[in-house]
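Reading through the structure tokens given below for one structure.
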2 protein chains.
Amino acid sequence: MPSSQNSRRRSREDVADTALRLLDEYGLPDLTMRHIADALGVRPSALYWHFPNKQALLAAVSERIIAPVLDTRVDTLPPRDALIALGSGLRERLLAYRDGAELVSSSLALGLAESPVRPRLAAVARRAGISADLSRIAADTVTHFVVGYVFHEQQRQQADSLGLLAPREGLTPAAAVAAHDDALGGDFRAALLMIVDGFDASTGHDSAAPPRLCEG
Amino acid sequence: MPSSQNSRRRSREDVADTALRLLDEYGLPDLTMRHIADALGVRPSALYWHFPNKQALLAAVSERIIAPVLDTRVDTLPPRDALIALGSGLRERLLAYRDGAELVSSSLALGLAESPVRPRLAAVARRAGISADLSRIAADTVTHFVVGYVFHEQQRQQADSLGLLAPREGLTPAAAVAAHDDALGGDFRAALLMIVDGFDASTGHDSAAPPRLCEG
DNA sequence: ACCTGAACACCGTTCAAGT
DNA sequence: ACCTGAACACCGTTCAAGT
């Protein structure tokens, strides 16, 4: 019942909260230990009581970004729709913060953060009758693809907003950006559909499997 | 005929060559302008005559890493095998240098380097009867997947070599690392097959397409 | 338990000036 | 054309010392 036990954890979470706010406001390159400390009204060295180093702090921020994807309920959906919903849900979370995909990509790659989507993707694949091994691979494939795709998407957004947008005839810059974003979202769904449908087609493949693509 | 015209370009290439060597030897975090200048026997500020900034220098290094994938001949292969060969060829190039995937991923995302594999992937897809729009998406999907996958793969390799390897019963550490690498290579092929087979299954899909995955 | 003060060993980049 | 010298404005991290 005493609150003394919670005071330490609240501090740690305050640091992550502030870092997430600064990320969205100023971007990953400006998310320095010094800026985070300034925003907290504290000295940079104080952060090292809460986190062993900067990567660990960034991992905590990563987990905050992707955690809400667990709110997406997919139990009642058919497997194909469930995989699309999880992939799109992850994309939405990454798009919700500036440089979200780059930050999460790095934390996942370093093994410092865990994607909550991965086990759920694998569970859906197993529910669809795919083997345990292939389900694990499928989950990694979708995760890799979504993170990589949104990484690229956000870099383009940033390049566009810096005025590097190639002008298109008959469109205001703002309209061109919007059209571009819509096209990217459509492309994302199409590509995700390809991958998901590939799970079905590849079930039980071996190295001597016949070619499945139609011939030119 | 006089060589004076070439002296400038050779200098620029010398810088990129040296940077590539240092990347493989010491890794991306230690690939600083100061270290590159030291290795060339020159002052850091001298590099800014050859490249406008560090990102541009890194983009030149990226293009050196992926350029040799053009040596992979796929004209005579059936489309499915051609896509697998291009994807595996790109993976090999990224694995050939330390932190290769991370460097190339960043340069591609920033739009500072172009993947020579992308147009070739799209050409193979078109040859297989896929529409131009979907072929472009397919090429991006494979490129994103390969780069993201190898990025993760190399981070794991580095984590393992730093002794963070979870010990497995009855294996020497070296044997465990080798087994792990083999498993990753096998997983890569399986995942790439999934994606490639998805191209076939998704051809001509629309938003009202029926679910294709078998029900659980 | 939580933070300060002060230092250490670095970064990328600019720019006048040299040759 | 190509490079130096010197500076500017930063980094992440450590650690004794404070409270």
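Chain A is the first sequence line, chain B the second, and so forth, proteins listed ahead of strands; every chain is numbered from 1. Remember, it's a predicted structure, so these values are computed and weren't measured experimentally.
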(message) Let's test your reading of the pairing rules: Watson-Crick or G-U wobble, both distances under 3.5 Å, then write DNA chain D as a dot-bracket string with ( ), [ ], | and dots.
(response) ||.|||||...|||||.||

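Residues that satisfy the side chain to side chain contact (heavy atoms under 4.5 Å, CB included) test with B:A37, not counting sequence neighbours, are B:V42, B:P44, B:L47. Taking A:D17 as the reference, A:R64 meet the side chain to side chain contact (heavy atoms under 4.5 Å, CB included) condition, with sequence neighbours excluded.
Ring geometry for B:F188 against B:F145 counts as parallel: the plane angle stays under 30°, on a 0 to 90° scale with 60° as the upper cut.
Side-chain atoms of A:V117 and A:V146, non-hydrogen and from C-beta on, never get closer than 4.5 Å to each other. Looking at A:V124 and A:R127, their side chains come closer than 4.5 Å, going by heavy atoms from C-beta outward. Between B:F151 and A:S105, some side-chain heavy-atom pair lies under the 4.5 Å cut-off. Side-chain contact between A:I65 and A:L23 is present, with at least one heavy-atom pair separated by less than 4.5 Å. Within the 4.5 Å cutoff, side-chain heavy atoms of A:I36 are placed close to those of A:L57. When side chains are defined from C-beta on, B:Q55 counts as touching B:S106, because their heavy atoms get closer than 4.5 Å. Between A:I195 and B:M194, the closest side-chain pair of non-hydrogen atoms is not below 4.5 Å.
Atom P of nucleotide D:dC2 and atom CG of B:D14 are separated by 12 Å, given to the nearest angstrom. As a whole-Å value, the separation of A:W49 CH2 from C:dT4 P is 14 Å. Atoms OH (B:Y48) and P (D:dG5) sit 18 Å apart, rounded to a whole Å.
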Using the 3.5 Å cut-off, write out each protein N or O paired with an N or O of nucleotides 17-19 of chain D and the distance between them.
none

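Across A:V69 and A:G89, no two heavy atoms sit closer than the pair CG2-C, 3.4 Å. When every heavy atom of B:L95 is checked against every heavy atom of B:Q154, the shortest pair comes out as CA-NE2, 3.7 Å.
Atoms CG and OG, on B:L86 and B:S115 in that order, are 9.5 Å from each other to the nearest 0.5 Å.
Contacts between residues 51-61 of chain A and DNA chain D, defined by a heavy-atom separation below 4.0 Å, involve A:N53, A:K54, listed by number. Shown for residues 16-43 of chain B: residues whose heavy atoms fall under 4.0 angstrom of DNA chain D, namely B:V42, B:R43.
Atom P of C:dA9 sits at a distance of 23 Å from the matching atom of D:dA9, rounded to the whole Å.
Of the candidates D:dC15, D:dT4, C:dC3, C:dC3 carries the atom nearest the A:A46 side chain, counting heavy atoms from C-beta on.
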